[in-house]
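The block underneath contains the structure these notes are about, expressed in structure tokens.
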Amino acid sequence: MSVMAMRDALTRVVTVANGKGGVGKTSTACNVAGLAAGAGWRVLLVDFDPQGNAGHLLGYRWKGQSDDGAHLVDVLMNGRELKPLLTDIRAGLDVVPGGDALDTLEDLMAGRIKRGQDVHDLFAAALAPVAGDYDLIIIDTPPTRPLLLRLALGATRWIIVPTRPGRTSVEGLRALAGEVATVRRTNPHLELLGAVLYDVETSATVIRRNAIEDITNVLGGAAPVFDQVIRHALAPVCESEEQGMLIHEIAERVDNAEPYWKALKEGRKPERVPGTAPALAEDFVLLTQEILTSIDRHEKLEVSA
């Protein structure tokens, strides 16, 4: 496949990234992927994180279904064909798992680079042949494995950056900005779609405003901050991790709650029901709407240009 054909195949690849851990990357990646799939999009989630926490939120790790990233390592090291090992984890959602096996990949890639090999397009070349099977591909990334992040960014069209308010979280954006600059040498199509303010008290308007200002300054105005923020709601987040359920799946257990993917599919707010899980689920629905709408808007602008 030519470089141009490869890039054309990867126009719907979205990577969730930040140079700091604990800012909501996996939660954002999994909940957006699950909601988009529920609304009728064919979605592939690729977990590039050695911690493999996507498997906890989606439940397959608790069921012993993960290969802990072994297939992904085999693809990148031995040129094997990339396959979604886990199909229909949710209706319309396939997964390439991450996990412990990826711990060795950073060192293996570093060794290749020392021998003068260019590895930055390895994952892009592996992903491109299957990309046409999906409407959306979402990649979850680790905060402290720069070569793994570069492999993911090499295949990426759009970056979504979750971040918590506070100086240490914002500094993680500086690290990410450096990686983006490096990868753009080989993937000039890489762009920041937007930053997501994550885990913020709904009443903390000053904190929100200051965080948005910090994010915009750090990213040099290169990416908008999404209007929708993800509120602080500890109980449903813990329940999600412990039970292998997405936030909207927890919320739908509330009496009279409608399926949240239905609101996303119809482009409206979910019908409000009381409780922290439904409120958090609504946040993720509105964020997913904003993300998908933003991608669609950019694609239309590119066609008309």
Side-chain angles (χ1 to χ4, degrees), residues 1-19 25-26 28-30 32-33 36 41-50 54 69 71-86 93-99 101-102 105-106 108-110 112-113 117-143 145-161 176-194 223 291 295 298-299 302:
M1 183 180 291
S2 68
V3 173
M4 183 174 294
M6 180 176 72
R7 292 300 164 198
D8 286 345
L10 299 173
T11 56
R12 287 282 185 89
V13 180
V14 176
T15 289
V16 183
N18 190 318
K25 291 189 300 297
T26 300
T28 299
C30 290
V32 169
W41 291 55
R42 188 69 183 158
V43 182
L44 175 66
L45 176 70
V46 182
D47 186 2
F48 248 103
D49 194 338
H71 173 63
L72 198 47
V73 173
D74 192 29
V75 166
L76 294 170
M77 293 305 301
N78 302 312
R80 306 279 192 240
E81 179 184 355
L82 180 69
K83 297 179 180 179
L85 289 191
L86 304 177
L93 176 60
D94 296 345
V95 177
V96 178
L102 293 170
L105 189 57
E106 182 94 358
L108 294 171
M109 289 292 121
R112 288 192 173 190
I113 292 172
Q117 298 179 31
D118 185 0
V119 303
H120 295 100
D121 280 341
L122 277 179
F123 181 61
L127 184 61
V130 302
D133 296 335
Y134 298 95
D135 302 309
L136 183 67
I137 298 171
I138 297 181
I139 305 175
D140 188 24
T141 59
R145 300 288 200 284
L147 289 182
L148 297 186
L149 176 59
R150 288 178 199 174
L151 285 169
L153 293 179
T156 298
R157 179 67 179 90
W158 303 109
I159 309 172
I160 293 172
V161 186
L176 175 62
E179 295 300 331
V180 169
T182 297
V183 174
R184 275 188 175 145
R185 297 169 192 165
T186 53
N187 179 13
H189 302 283
L190 180 65
E191 291 188 53
L192 293 163
L193 189 67
I291 288 169
I295 291 172
H298 281 289
E299 288 179 345
E302 288 172 0

Review point. Parallel, tilted or perpendicular: which describes the rings of Trp158 and His298, with under 30° parallel and over 60° perpendicular?
Key: tilted
Point to revise | Whether Arg157 side chain and Leu10 backbone form a donor-acceptor pair below 3.5 Å | key: no
Check your understanding: Hey, are the side chains of Cys30 and Leu45 touching, using non-hydrogen atoms and a 4.5 Å cut-off?
Key -> yes
Exercise for review: Ignoring hydrogens and angles, tell me if any N or O in the side chain of Arg184 forms a donor-acceptor pair with the backbone of Leu190 under 3.5 Å.
Suggested key: yes
Exercise for review: Mind checking the CG-CG spacing from Leu72 to Leu82? Nearest 0.5 Å is all I need.
Suggested key: 7.0 Å
Point to revise | Distance in Å, Thr156 OG1 paired with Ile139 CD1, rounded so as to fall on 0.5 Å steps | key: 4.0 Å
**Study point:** Expected output: side-chain Arg12 to main-chain Ile295 donor-acceptor under 3.5 Å
**Key:** no
Study note, to complete from the structure: Between the CG atom in Asp49 and the CZ atom in Arg145, the distance rounded to the nearest 0.5 Å is 8.0 Å
Practice item. First locate atom CG of Leu127, then atom CG of Asp121, and finally report the distance between them rounded to the nearest 0.5 Å. Key: 12.0 Å
Exercise for review: For Glu81 and His71, work out which heavy atoms get closest and say how close.
Suggested key: O-CE1, 3.3 Å
Check your understanding: Which heavy-atom pair separates Tyr134 from Leu44 by the least distance, and what is that distance?
Key -> CD2-N, 3.6 Å
Check your understanding: What is the minimum heavy-atom distance between Phe123 and Ala152, and which atoms define it?
Key -> CD2-CA, 4.3 Å
Review point. Is there side-chain contact between Leu102 and Val73, with at least one heavy-atom pair below 4.5 Å?
Key: yes
Review point. Roughly how far, to the nearest 0.5 Å, is the CG atom of Leu76 from the CZ atom of Phe48?
Key: 5.0 Å
Check your understanding: Do you know the tightest heavy-atom contact between Val16 and Lys25?
Key -> CG1-O, 3.5 Å
Check your understanding: Charged N to carboxylate O under 4.0 angstrom, Asp94 versus Lys83?
Key -> no
Check your understanding: Roughly how far, to the nearest 0.5 Å, is CG of Leu176 from CG of Leu192?
Key -> 6.5 Å
Practice item. Return the minimal non-hydrogen interatomic distance between Gly154 and Asn187, and the atom names on each side. Key: O-ND2, 3.5 Å
Point to revise | Heavy-atom pair with the smallest gap, counting every atom of Glu179 and Pro146 | key: OE2-CB, 3.8 Å
